[in-house]
Amino acid sequence: MAMKALDIYKLLPKTNCKRCGYPTCLAFAMKLAAGKAEVEACPDLDPGTKALLGGATRPPVRLVGVGVGERSVAAGEEFVLFRHEKAFSHPPGIMVQVSDTWPEERVRSIVETVRETVVHRVGMDLVLTGVAVRNESRSPGRFAEAVALAGGGSTLPLVLIAGDLAAHEAALAVAGHYRPLVHAATEENREDLARLAKRYGCPLAVRAASPAGLAALTAECAAAGVVDLMLDPAPRSLQDYIAMATGIRKAAIGRTEPALGYPIYFDTTPFRETDAALAAGILKYAGVIVVPPLPPATVAAGLTLRQNIYTDPQKPIQVTPGLYPVNEPGRDAPVLLTVNFSLTYFTLLGYLEASRIPCYLLIVDTEGLSVLTAVAGGKLTETLVADSLRNFGVGETVDHRLLVIPGYAAPLSGKIEDATGWKVMVGPRDAAELAGYLEKEWRA
Amino acid sequence: MTDSSEPGPAVREVRLGATRAEGGTREVSYVIGGDRGLPFTGNRPDRLLVALEVCDDPQFSPPVVRDYVGDLANNPDEWARAAERTYGADIIRLNFTSTKQRGFDAFSEIAPTMERVLAATARPLIVEGSSEPELDSEVFRRCGEAGEGERLLLGTAEADRYRSVAAAALAYDHAVIAQSPIDINLAKQLNILLRETGIPGDRIVIDPYTGALGYGFEYSYSVMERIRLAALAGDADLAMPVISAPADTLTVREVREATPAEQDAIAVAWEFYTAYASFVAGASIVCVRHPLTVKRLHEALEV
Ligand code: B12
Ligand code: SF4
């Protein structure tokens with residue numbers, strides 16, 4: 001089981017010598033308990049204590065990276081079973097599969113799509129992660145060629161899927177320096193594959209149909225010197241996947257089976273229902289998900305689900321409160337009141353930029369709550385609006401005293417007028433109607 | 001490795017619909033709930049239902065749905081028949097959207113609409129009655145009475161307006177949807193209030209409110225997970241099955257701005273991801289609005 005800060009503290013030297021980089025041994029203990037520090041940082045621990053603490057304080061799911069550079073992906077370093085307990089850390093990498101039996105053009109265009117696809121949401125660029133190359137040709141040479149076609153791993157992270165050792169050897173000769181994920185070590189080939197992964201310093205997926213089988217494989221691979229491992233539970237159905245992944249994650253975070261403390265690898269391609277499988281992988285603990293080429297409608301929804309599930313449940317994504325000029329406003333441009341929830345800001349901004357109407361956005365601090373939620377929860381108040389108008393110097397920036405408020409804030413309009421001395425115009429509820437509204441109603 | 005082997009408290013069972021033997025006229029009735037573990041981890045499959053929405057006034061249905069169903073939208077009974085026979089819904093969600101009209105007073109239309117829809121489909125019904133507090137008592141009474149014996153799932157009870165729904169459910173023996181705004185404590189409080197009116201726990205289904213994918217869904221997802229965890233931990237006031245209605249999903253920007261050629265695919269994708277994720281979080285019933293989403297969900301639940 002994970003250790004509490006005080007229990008860890010009891011095992012530390014208690015000299016507060018600060019060499020670990022923390023002011024006191026207790027501060028260090030707290031960091032260790034949170035999985036945020038390495039035992040190695042304290043030079044005064046004997047090896048026995050180090051081993052004990054190391055086992056109990058390293059992240060229960062090991063952080064494993066695939067690929068190099070900007071587009072590389074990291075999986076693991078998770079501490080909980082449910083996102084309301086603590087934000088999930090590393091969104092799963094989505095790897096689009098190509099086969100070495102497919103025509104060159106097809107592979108090229110899929111790789112291109114993976115590289116170029118971007119979904120813009122809430123100020124973030126959501127992207128597909130990489131490419132999974134599958135050896136179906138039975139030819140090591142063709143496998144290596146397909147891997148090269150996929151960029152060899154230099155731009156996009158790769159998964160190399162092959163049952164045959166010679167195929168992996170050929171592919172790693174091309175891509176080995178770019179940390180591709182090698183799939184998969186099984187009961188039969190584990191020694192050879194572990195040796196190969198070790199030689200190139202690549203992460204390795206192990207595949208077995210039971211948690212016990214997976215644990216046995218990771219223990220052996222780790223002993224052979226490969227510690228960047230992933231678990232492929234070879235699910236027979238989606239329900240089986242969810243049940244297995246849940247069991248693995250539970251064993252890992254409860255530290256009942258440290259040999260299961262690795263990210264999960266999930267191949268959705270055996271299942272006809274790709275969307276369901278992708279969703280299941282995102283929702284239930286996958287670190288790397290292999291998918292067939294996805295239609296655009298699916299990509300946007302799938303990436304949005306991944307973004308939703310991996311946002312911090314305690315802290316909505318926020319923008320800094322302030323007065324934001326949009327479309328180069330002048331001194332007679334409208335001032336639009338809104339909240340500092342990122343989603344609200346970017347939704348609004350999207351419509352305003354498309355309409356090209358010059359204006360100022362007055363973003364007030366509702367602690368990241370949306371308009372309607374902030375009104376319902378009493379976070380958007382006339383005092384907040386008055387303070388924000390003053391603090392952000394709105395009166396000095398424009399020549400009028402008119403404030404457009406969101407339709408959902410209508411109940412506050414009188415109070416805002418009284419508290420600020422500004423005249424309030426109640427805008428539409430839906431931002432899509434804002435441009436039409438301003439064209440009709442706005443005169444400074 | 002699964003939870004089903006561990007004995008423990010279960011989510012309560014709730015029966016929806018009534019066959020002839022049960023005093024109604026439905027060809028099937030369902031028992032939802034009864035789960036003893038985390039969703040999808042048991043040996044026995046959870047009983048999951050897909051509901052398709054039918055509106056009595058189609059102007060409150062999203063444009064993409066109106067475009068897809070065409071003339072059906074003008075006849076709730078035809079629409080309900082298609083929902084069952086053509087689109088494969090397990091249960092029909094009849095939404096009296098006409099009550100959203102300003103100055104609504106067509107109370108006398110409610111019973112005939114109920115009767116026509118009940119006759120058009122052999123599946124159980126979810127009935128969303130009024131959405132205006134002033135109309136509640138009249139609307140729910142008429143819905144409840146017209147469905148007497150059919151064990152409807154009547155909605156929606158909220159903390160500040162639950163008495164009329166509860167009264168109709170008690171008088172005509174229906175189950176109730178209890179909706180609270182994405183907050184487990186409020187969900188629990190409402191269940192306690194409903195119980196105090198006399199509604200037994202096995203006639204309550206929790207609706208924790210489902211935000212649209214990309215627009216607050218993550219909060220709803222976590223509340224559904226927490227409700228299941230509370231039920232498994234033995235909290236009797238939260239041990240009810242969950243219904244999820246991601247109704248806003250088809251009006252999000254991404255769907256509204258889709259080109260005509262893509263709009264169905266995009267609508268279904270957004271609705272599908274939300275609905276399937278709700279099942280994974282623990283919902284027993286998911287209500288969708290685009291007919292094509294129904295089949296996709298059934299297929300997904302089979303693999
Ligand atoms: C996610 C969510 C939450 C999250 C918070 C997420 C967040 N960061 O805000 C959580 C779970 C924390 C939450 C809590 C609560 N919530 Co809440 N929540 C929602 C939900 C599902 C989505 C909100 C959202 O993200 N909307 C998207 C953003 C972009 O919308 P928006 O900010 O309003 O912006 C739009 C418009 O206002 C407009 N706009 C924005 N700025 C401007 C500016 C101008 C000038 C103009 C013209 C227009 C404009 O454009 C945008 C796009 O159209 C809504 C349901 C819904 N459909 O809205 C309920 C909802 C808002 N919540 C509700 C309630 C009651 C609450 C609580 C009070 C419940 C409670 N626990 O007591 C709390 C209050 C919070 C608090 N701590 O005090 C109710 C409000 C009921 C009402 N009509 O008053 C709703 C409607 C749900 C419901 N039907 O019951 N909630
Ligand atoms: S280095 Fe070790 S002994 Fe020194 S303060 Fe840190 S934990 Fe304490």
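Chain letters run A, B, ... following the sequence lines, proteins first and then strands; every chain starts at 1. Only heavy atoms go into these numbers, but all of them, side chains included; no hydrogens, no water, no symmetry mates.
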Bottom line for A/Arg83: the part with an atom under 4.5 Å from chain B's heavy atoms is both
Among the options B/Tyr219, B/Trp270, B/Phe217, pick out the one with the most heavy-atom pairs lying under 4.5 Å from chain A. B/Trp270
Using non-hydrogen atoms and a 4.5 Å limit, figure out which bit of A/Ala277 sits close to chain B: side chain, backbone, both or neither. neither
In terms of heavy-atom pairs under 4.5 Å with chain A, the winner among B/Val280, B/Leu297, B/Leu213 is B/Leu213
Heavy-atom contact with chain B under 4.5 Å, split by part of A/Thr311: side chain
At a heavy-atom separation under 4.5 Å, does A/Asp240 approach chain B through its side chain, its backbone, both, or neither? neither
So for A/Leu343, is it side chain, backbone, both, or neither that comes closer than 4.5 Å to the heavy atoms of chain B? side chain
Partner of A/His84 under side-chain contact (heavy atoms from CB on, under 4.5 Å), picked from B/Ile184, B/Leu229, B/Val223, is B/Leu229
What one should report as the nearest heavy-atom pair of B/Tyr276 and A/Ala276 is CE2-O, 3.4 Å
Rounded to the nearest 0.5 Å, how far does CG of A/Asn308 lie from OH of B/Tyr221? 11.5 Å
Options B/Arg253, B/Glu254, B/Glu302, ranked by heavy-atom pairs under 4.5 Å with chain A, top entry: B/Arg253
Are any non-hydrogen side-chain atoms of B/Arg296 and A/Glu273 less than 4.5 angstrom apart? yes
Do you know which of A/Thr304, A/Val122, A/Thr344 has the most heavy-atom pairs with chain B at a distance under 4.5 angstrom? A/Thr304
So, do A/Thr347 and B/Tyr215 sit near enough that their side-chain heavy atoms are less than 4.5 Å apart? yes
Count the heavy atoms of every other residue, nucleotide or ligand shown that sit under 6.0 Å from NZ of A/Lys86, and state whether that count exceeds 12. yes
dist A/Leu305:CG -> B/Phe272:CZ (nearest 0.5 Å) comes out at 10.5 Å
Assert top hit (heavy-atom pairs under 4.5 Å, partner chain B, pool A/Gly302, A/Ser210, A/Ala431) equals A/Gly302
Worked verdict on A/Leu238 versus B/Phe40 for side-chain contact (heavy atoms from CB on, under 4.5 Å): CA-CA 9 Å; A/Leu238 282 191; B/Phe40 293 87; over 6 Å; no
Say you draw a straight line from CG of B/Leu38 to CG of A/Leu81; how long is it, rounded to the nearest 0.5 Å? 7.0 Å
Report which part of A/Pro316 has an atom under 4.5 Å of a heavy atom belonging to chain B: side chain, backbone, both, or neither. both
Could you tell me which of B/Glu225, B/Glu257, B/Glu262 has the largest number of non-hydrogen atom pairs under 4.5 Å with chain A? B/Glu225
